[in-house]
Amino acid sequence: MSNKIEITTWNVNSVRKRLNSISIFLKDFIPDILLLQETKVSNELFPYQFFKDFGYHFIHHEGEKTGYNGVAIIAKSELEVIPKIEFINDARHLAVKINNIELHNFYIPAGGDIPDVTMNDKFKDKLNFIDNMTKWFQGKKPNDNIIIAGDFNVAPLENDVWSHKQLLKIISHTPVEVEKLSNLYNSLNFRDSVRKFTDDSEKLYSWWSYRARDWKKSNRGRRLDHIWTTANLYHNVEKANIFKSTRDHEVPSDHVPISITLSLG
DNA sequence: ATGGTGGAGCATCCA
């Protein structure tokens with residue numbers, strides 16, 4: 001067994017619509033563990049064989065009949081499934097153990113359009129979701145080995161969005177969300193493993209809207225997807241990648257995969 | 001200030 005593991009997270013916005021894009025990605029780069037969000041499919045209709053054909057023998061998926069949400073943890077070798085966090089009712093979270101590390105896959109709610117909890121229940125639910133995550137991780141031990149990853153739907157830093165000023169009232173970059181995410185970050189001494197390799201003064205995005213005429217030209221991106229490790233694992237993070245090229249695929253997700261390489265031992 | 005697109009699945013809802 002290799003002493004390094006590659007972990008990739010990708011909001012695919014419908015796994016069935018994205019099979020071609022995922023193929024192109026996996027022919028180039030096969031992570032040990034692939035975390036998906038927004039699979040938008042029931043368990044019965046999940047394309048298990050597609051991933052088995054790429055050598056993934058462990059596929060843990062939780063979908064919804066409605067076609068909303070849906071998360072998966074896909075790995076080359078068998079992993080131990082650990083219980084879901086109790087407060088999460090939608091298919092927005094799964095967790096496994098690998099070696100001595102807890103790995104959590106999250107799809108935090110997007111929160112709707114109006115950044116006011118008195119007018120928008122979806123925004124209230126998003127803030128509550130992050131608060132509940134914070135409480136849950138406060139209950140862990142500071143020296144536990146934990147990685148949390150996924151679509152957090154918050155771009156916390158000024159250079160995680162194309163215009164800090166213009167996005168202050170846009171959900172994903174409002175001060176209240178950034179504060180909530182900061183509380184989560186501090187709940188267990190998390191470290192931002194992707195920012196480790198790019199200074200805060202540089203722009204970094206993982207999502208570009210479908211609504212731009214030319215996403216690359218306008219480049220109005222946001223960094224909504226994250227991989228955080230507890231502080232004791234941070235020095236093991238050797239590399240991080242944002243696979244921007246997938247945004248140019250023929251039928252692309254609006255999110256691109258992000259990845260870290262972790263050395264073990 | 002506004003509207004722009006994409007996915008599930010058939011009327012809207014959600015992102």
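Since this is a predicted model, take the numbers as computed values, not measurements. In what follows, chains carry the letters A, B, and so on, assigned in the order in which the sequence lines appear, proteins first and then strands, with residues in each chain numbered from 1.
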Any side-chain donor near an acceptor of the partner, A/Glu179 and A/Ser182, under 3.5 Å: no
Residues 213-238 of chain A vs salt bridge (charged side-chain N to carboxylate O under 4.0 Å, His left out), sequence neighbours excluded, gives A/Lys4-A/Glu238, A/Asp160-A/Arg223, A/Asp192-A/Arg223, A/Lys216-A/Asp248
Among pairs that include at least one residue of residues 46-60 of chain A, which meet side chain to side chain donor-acceptor pair (under 3.5 Å), considering only residues two or more places apart or in two chains? A/Gln49-A/Asp53
Using the test side-chain contact (heavy atoms from CB on, under 4.5 Å), find all partners of A/Val117 that sit at least two apart in sequence or belong to another chain. A/Phe123, A/Lys124, A/Leu127
Listed partners of A/Lys17 passing side-chain hydrogen bond (donor to acceptor under 3.5 Å, both in side chains), at least two apart: none
Summary of salt bridge (charged side-chain N to carboxylate O under 4.0 Å, His left out) pairs that have at least one residue in residues 38-47 of chain A, sequence neighbours excluded: A/Glu38-A/Lys40, A/Glu44-A/Lys65
Which is the 5'-most and which the 3'-most nucleotide of DNA chain B that has an atom under 4.0 Å from a heavy atom of chain A? B/dG4 to B/dA15
Contact class for A/Arg247 (heavy atom, under 4.0 Å): base, sugar-phosphate, or nothing? nothing
Restricting to pairs with a member in residues 79-90 of chain A, which pass salt bridge (charged side-chain N to carboxylate O under 4.0 Å, His left out), not counting sequence neighbours? A/Glu62-A/Lys84, A/Asp90-A/Arg92
Nearest-nucleotide wise, let me know which of A/Arg220 and A/Asn11 is further upstream toward the 5' end of DNA chain B. A/Arg220
Counting only non-hydrogen atoms, which of residues 13-23 of chain A are less than 4.0 Å from DNA chain B? A/Asn13, A/Ser14, A/Arg16, A/Lys17, A/Arg18
Contact residues, residues 149-175 of chain A to DNA chain B [heavy atom, < 4.0 Å]: none
Salt bridge (charged side-chain N to carboxylate O under 4.0 Å, His left out) pairs touching residues 197-212 of chain A, sequence neighbours excluded, are none
Sequence neighbours left out, what passes salt bridge (charged side-chain N to carboxylate O under 4.0 Å, His left out) with A/Glu6? Give chain and number order. none
Going by the rule side-chain hydrogen bond (donor to acceptor under 3.5 Å, both in side chains), which residues pair with A/Gln166 if we only count those two or more places apart in sequence or in a different chain? A/Ser163
